Amino acid sequence: MTTGGSGLAGPGPAVGVSEAAVNAPPRPVAVAGRRNPWGRLGLHLTLAIIAIIWLLPTVSLFVSSFRPANEINTSGWWNAFSLPFQFTTQNYFDVLTRNNLGTSFLNSLIISIPATVIPIMIAAFAAYAFAWMSFPGRDILFVLVVGLLVVPLQAALIPVLQLSVNLGIVGTFPAVWLAHTAFGLPFAIFLLRNFFGAMPREMFESASIDGATPTTAFFRLALPLAVPAIASLVIFQFMWVWNDLLVALVLVGGFPQVAPMTVTIANLVDSLGRGWHLLTAAAFISTLLPLIVFFGLQRYFVRGILGGSVKG
C-alpha cells in the first residue's frame, strides 16, 4: 500500500536530484577579501622605508642636540653610537638659561594661541553666512575672499607694517595677532565654507520649520558637525604661526621682550657662525609643541581636509 501525497521526506535523495550530485564533494567557497600576502608585504615594506626616511632628520636632530660642540663640529651624528659614548645636556642648558629662550617660548604661546583662535572664530561665522545665508553680492564677495589666497605674503608686509605704525602697535602682540588673522582668514573661510556647504539642506530646513534662528542653527547644528574641519584648521594655523619668522621679524623683531622663539633661535648664531651647535637643541625644543598639537588632533585631520576641499 503506497502513501503517495504524504508530506514526510524519506532518507533518500530528493526528487529530481541525481545520486551523483548528492554524493559530490562540496565546492570550495571563495573567501571574500583574500589578498595576495606578497602584495601586503611589499606595501608594508614600502611604508616602513618611507617612515624611516621621514623620521631620519628628526632622529639626527635629536641625537645631535645631546652631543658636545666639538663632536658636532668634527663628526657626523651617527658616530654618537660608537664607544665611548659622549652625550651631554649642556646644549639645552645653554639655550634655556643664556639665550632667553624660556621667555621666547612663552611669547610664542601668547602669539600663537590668539592668532589661531581669532581667525578661526571669524572664519566660522563668515563661512556659514557664505554657505547658508542669502545676501546681495554673496558669490562675488566669496570669490574676492578666495582670490586673496594668491596674494603673496611678502607683497603685503610693507602695507601691514605701515598700518601697524599708524596704529602705534608695532612691537606689541596685537600687531602680530592682526597680521596672522588677516593672512589666515582667506584659507580658513574657503575650507569651512565648503565644509558647511556639504551639509544636508534638509537639516537646516527642518530646524527653520521648528523655529530655530540662523544663530541657533549655527551653534547647535553646523558648528558641532564642523569639528573635523575646525581641528584641521587649528593644526594648519597653529603650526604656521608657531613656525613663522618673517611676520614676527618685521613686526616685533626689534623688541626682544615680545620676540617669539623663531626670532630668538635665528639670533643664536652670530655673524661669524659661532654657536650654531645650539641650533640643534633649540630647534628640537621648538618642534615639541607643534608635534603635540598635531598628534592630538590628527584623527580629525584627513576628514576635515577632504570634507572641506572636495565638497561644496
Side-chain angles (χ1 to χ4, degrees), residues 54-55 57-59 61-62 65 91-92 95-96 99-124 149 152-154 156-157 160-161 164 169-189 191-192 227-269 278-302 304-305:
W54 189 270
L55 289 175
T58 303
V59 173
L61 182 69
F62 180 72
S65 66
N91 295 336
Y92 287 93
V95 166
L96 293 175
N99 297 280
N100 203 29
L101 198 67
T103 302
S104 299
F105 184 88
L106 182 60
N107 292 339
S108 293
L109 280 178
I110 297 174
I111 291 174
S112 299
I113 294 177
T116 300
V117 174
I118 295 174
I120 292 178
M121 288 179 57
I122 298 175
L149 288 171
L153 171 65
Q154 295 80 0
L157 277 179
V160 169
L161 177 60
S164 301
I169 58 174
V170 173
T172 64
F173 292 126
V176 190
W177 296 342
L178 294 177
H180 284 301
T181 298
F183 293 135
L185 271 177
F187 177 75
I189 293 175
L191 186 70
L192 288 179
V227 168
I230 293 175
S232 301
L233 276 177
V234 168
I235 294 174
F236 273 123
Q237 184 71 9
F238 183 85
M239 288 187 173
W240 178 52
V241 176
W242 183 270
N243 295 320
D244 169 73
L245 172 63
L246 184 58
V247 175
L249 194 61
V250 171
L251 296 178
V252 295
F255 302 86
Q257 65 275 14
V258 295
M261 287 187 63
T262 52
V263 176
T264 303
I265 292 175
N267 293 330
L268 288 178
V269 181
L278 299 177
L279 293 178
T280 57
F284 197 81
I285 292 174
S286 69
T287 60
L288 288 179
L289 191 58
L291 286 176
I292 293 173
V293 172
F294 178 79
F295 286 115
L297 300 176
Q298 53 119 5
R299 61 184 179 131
Y300 299 108
F301 186 72
V302 176
I305 293 301

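The model shown is predicted, which means the values in this text are computed figures rather than measured ones. We count residues from 1, following the sequence as given.
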Closest heavy-atom contact between [X] and [Y]?
| X | Y | answer |
| --- | --- | --- |
| Ser286 | Pro290 | O-CD, 3.3 Å |
| Leu245 | Ala266 | CD1-CB, 4.4 Å |
| Thr181 | Pro119 | OG1-CD, 3.7 Å |
| Val160 | Ala179 | CG1-CB, 4.1 Å |

Say you draw a straight line from [atom1] of [X] to [atom2] of [Y]; how long is it, rounded to the nearest 0.5 Å?
| X | Y | atom1 | atom2 | result |
| --- | --- | --- | --- | --- |
| Leu278 | Tyr92 | CG | OH | 11.5 Å |
| Leu55 | Leu61 | CG | CG | 12.5 Å |
| Ile235 | Ile230 | CD1 | CD1 | 12.5 Å |

Residues two or more places apart in sequence or in another chain: which of them pass ring pair (Phe, Tyr, Trp, His ring centres under 6.0 Å) with [X]?
| X | answer |
| --- | --- |
| Phe255 | none |
| Trp240 | His180 |
| Phe183 | none |
| Phe173 | none |

- Item | Non-neighbouring partners of Thr172 that pass side-chain contact (heavy atoms from CB on, under 4.5 Å), sequence neighbours left out |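 Result, side-chain contact (heavy atoms from CB on, under 4.5 Å) vs Thr172: Ile169, Pro174, Ala175.
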Show the atom names and distances, to 0.1 Å, of all donor-acceptor pairs under 3.5 Å that link a side chain in residues 106-115 to residues at least two apart or in another chain.
residue: Asn107; atom: ND2; partner: Thr103; partner atom: O; Å: 3.4
residue: Asn107; atom: ND2; partner: Gln257; partner atom: O; Å: 3.1
residue: Asn107; atom: ND2; partner: Ala259; partner atom: O; Å: 3.0
residue: Ser108; atom: OG; partner: Ser104; partner atom: O; Å: 3.1
residue: Ser108; atom: OG; partner: Met261; partner atom: N; Å: 2.8
residue: Ser112; atom: OG; partner: Ser108; partner atom: O; Å: 2.8

- With under 30° as parallel and over 60° as perpendicular, where do the rings of Trp242 and Phe105 fit, or are they tilted in between?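 Perpendicular, since the angle between the ring planes exceeds 60°.
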Is any side-chain heavy atom of [Y] closer than 4.5 Å to one of [X]?
| X | Y | answer |
| --- | --- | --- |
| Leu233 | Leu191 | yes |
| Leu251 | Ser164 | yes |
| Val263 | Val252 | no |

- Task: Carefully, step by step, assess Leu153 and Leu246 under the rule side chain to side chain contact (heavy atoms under 4.5 Å, CB included).
- Result: CA-CA 9 Å; Leu153 171 65; Leu246 184 58; 4.3 Å; yes
- Query: Do Ile285 and Leu96 pass the side chain to side chain contact (heavy atoms under 4.5 Å, CB included) test, and can you show the C-alpha distance, the side-chain angles, and the key distance before you say yes or no?
  - Reply: CA-CA 10 Å; Ile285 292 174; Leu96 293 175; 3.9 Å; yes
- Message: Donor-acceptor pair, distance only, cut-off 3.5 Å: does the side chain of Asn91 make one with the backbone of Ser65?
- Response: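 Yes, because the side chain of Asn91 sits within donor-acceptor range (under 3.5 Å) of the backbone of Ser65.
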